[in-house]
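Contents: one structure, followed by commentary.
Ligands are counted one by one from 1 in listed order, and the atoms in each one are counted from 1 as well. Along the sequence shown, residues are numbered consecutively beginning with 1.
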Amino acid sequence: MAEPLLVTRWTDPVTGVKGYLVVDRLINGFCGGGIRMRPGLSEEEVARLAATMTLKLALVDIPCGGAKGGIDYDSNSPDSREVLKRYLEAMKPFLLECWGTSEDLGTREEDIMSILFELGVRTSVHAFIAKSPEPETLVNNLLQALQLTVDGMPMTDVVTGFGLAKATQAALDFVGRDPAQTSVSLQGFGSVGGSAGLWLSRLGVRVVAVADAAGTLCSPKGLDIPLLLEKRDKMGVISRKGLPADYELLPREAWLGLDVDVLAPAAVADAIHGGNVDQVKASLVVEGANIPTTPEAEARLLSRGAIVIPDFVANAAGAGFFGAVLQGRARPEVEDILNYLGAKLADNTRVILKLAREKGISPREAAVELVATRLAASSG
Ligand code: NAD
């Protein structure tokens, strides 16, 4: 991995908690990437996530470099909002000048937006908007889009999982597999996993297992995803009270080795690694989380003939949402935004799978080639 352009370290003056901002690169003076909060988060993880953001933004045609914010803290702590607020206050110069941000693991878009408002910053993508020729129109469009809800959930909590489902559908189509004959096991039931589960089940895919931080829930005939969404708390943990009696409660790591066709890791980094990859039975892995498969594990999956759709292809709809609204690719309306993102994610998935097949390379290598072509075209 190339050295990032900029690494900023932060120490919370109240708690001593550490935080980071890594800018992988600037394009046109801008960079974009969400803020992660989890205990044990390292600068190295934030840097890997920032590099992935450069690839992701290029694939959804957003002309800016990748970045990532991170705070090494438990988002379930009662004071996590205050810690996030002090972090954002310290990062305000970057937010005003060059960094557009959003939610990630352990943070919520509405918290980021409300804190920024308290700090006198109108949106999480202030820098782009302030330097655009029509800032007022863009602010209005963005605020309108951010208020949209789908199935009672905020749009920003829906789009990434929706895009993941569309990427999965395109990959199944590419290998000639009927969604109705396909089973999936999901890790994570937060913004990404919850929405992915819902949209995959709407495509006819059987979601047989869902893991959250408390364990894996499994039902071979398919879980009732709307019911699980009703029972989910703010941090994506499903209440086990009142679940159908035939649901099995398995250990947290059990989601990985089940006899399913598709794995969709949508929680933590390095979930599939050298020590557990041999348990995987699925032939398709669609990465909802950022960097959920280690390079060693991915190589072993590919050597067995499995397909891995990389994170920056499969989970790009959250980033694509901002591009759609700020670059006028979709009106700030649910149907328009979902149509644009669904088509974009499906198209990218098809293109990289076709390129990978033609050149005998992995989908990740094909996607990196595609990014290089797009970045060269946009700079030249
Ligand atoms: P979230 O905080 O909303 O949800 C995380 C989910 O993972 C929860 O259900 C939690 O219980 C579960 N979880 C946590 N640790 C776990 C473990 N060890 N085993 C099983 N489950 C565990 O997070 P999110 O926003 O859905 O993000 C999930 C992943 O997707 C992250 O890697 C994030 O970087 C990536 N991502 C998020 C977005 C977005 O728009 N939110 C966009 C692109 C990528």
Any chance the side chains of D79 and Y73 put a donor and an acceptor closer than 3.5 Å?
yes
Heavy atoms, side chains only, cut-off 4.5 Å: are P265 and V285 in contact?
yes
Scanning both residues in full, the closest heavy-atom pair of D311 with A289 reads CB-O, 3.3 Å
How about K359 and E369: do any of their side-chain heavy atoms sit closer than 4.5 Å?
yes
Can you name the one residue among L228, L186, D212, V208 that meets side chain to side chain contact (heavy atoms under 4.5 Å, CB included) with L217?
L228
Which residue owns the protein heavy atom closest to atom 9 (O) of ligand 1, what's the atom, and how far is it?
G236 O, 2.7 Å
How far is atom 20 (C) of ligand 1 from the closest protein heavy atom, and which atom is that?
D212 O, 3.3 Å
Show which atoms of ligand 1 fall inside a sub-4.0 Å distance from at least one heavy-atom site of Q187.
19 (N), 20 (C)
Heavy-atom distance under 4.5 Å between the side chains of V262 and L172, does that happen here?
yes
Quick one: do R108 and S191 satisfy side-chain hydrogen bond (donor to acceptor under 3.5 Å, both in side chains)? Show the steps, please.
CA-CA 9 Å; R108 290 268 160 268; S191 296; 3.1 Å; yes
Are E253 and Q279 side-chain neighbours, meaning at least one heavy-atom pair lies under 4.5 Å?
no
For atom 40 (O) of ligand 1, what is the nearest protein heavy atom, given as residue, atom name and distance?
T160 OG1, 3.1 Å
Mode of P292 contact toward ligand 1 - side chain, backbone, both, neither (heavy atoms, under 4.0 Å):
neither
Among all protein heavy atoms, pick the one closest to atom 34 (O) of ligand 1 and tell me residue, atom and distance.
D104 OD1, 2.5 Å
Side chain, backbone, both or neither: which part of N315 comes within less than 4.0 Å of ligand 1 when only heavy atoms are counted?
both
So the atoms of ligand 1 within less than 4.0 Å of a heavy atom of A211 turn out to be 21 (N)
At less than 4.0 angstrom from any non-hydrogen atom of V237, what atoms of ligand 1 do you find?
11 (O)
With V334, the side chain to side chain contact (heavy atoms under 4.5 Å, CB included) member among T149, N339, L148
L148
Close side-chain approach of P363 to I307, heavy-atom, < 4.5 Å:
yes
Nearest non-hydrogen contact to atom 16 (C) of ligand 1 from the set V268, N76, D157 belongs to V268
Consider side-chain hydrogen bond (donor to acceptor under 3.5 Å, both in side chains). Of K85, E109, R81, which one does S114 pass it with?
R81
Just to be sure I'm reading this right: ignoring hydrogens, which of E103, R36, R108 gets closest to atom 3 (O) of ligand 1? Compare them by their nearest heavy atoms.
R108
Could you list the atoms of ligand 1 found under 4.0 angstrom from a heavy atom of A289?
29 (C), 30 (O), 32 (O), 35 (C)
Among protein heavy atoms, which sits nearest to atom 28 (C) of ligand 1, and what does the distance come to when rounded to 0.1 Å?
A266 O, 3.4 Å
Identify, for atom 38 (C) of ligand 1, the protein heavy atom at the shortest distance, and state residue, atom and that distance.
V192 CG2, 3.6 Å
With a cut-off of 4.0 Å, which atoms of ligand 1 are near a heavy atom of M235?
8 (C), 10 (C), 11 (O)
Would you give the length of the straight line joining atom CZ of F162 to atom CZ of R202, rounded to the nearest 0.5 angstrom?
10.0 Å
Can an N or O of S191 be found at a distance shorter than 3.5 Å from an N or O of ligand 1?
yes
Below a 4.0 angstrom heavy-atom separation, can you tell me which part of N290, side chain or backbone, both or neither, approaches ligand 1?
both
Can you report which non-hydrogen protein atom sits closest to atom 5 (C) of ligand 1, along with the distance?
L105 CD1, 3.7 Å
Answer yes or no: is there a side-chain heavy-atom contact under 4.5 Å between M155 and V325?
no
Those atoms of ligand 1 less than 4.0 Å from some heavy atom in A267:
7 (O), 13 (N), 21 (N), 22 (C), 28 (C), 29 (C), 31 (C), 32 (O)
Which residue and non-hydrogen atom of the protein lie closest to atom 14 (C) of ligand 1, and at what distance in Å?
A213 CB, 4.1 Å
For G318, is the nearest heavy atom under 4.0 Å from an atom of ligand 1?
no
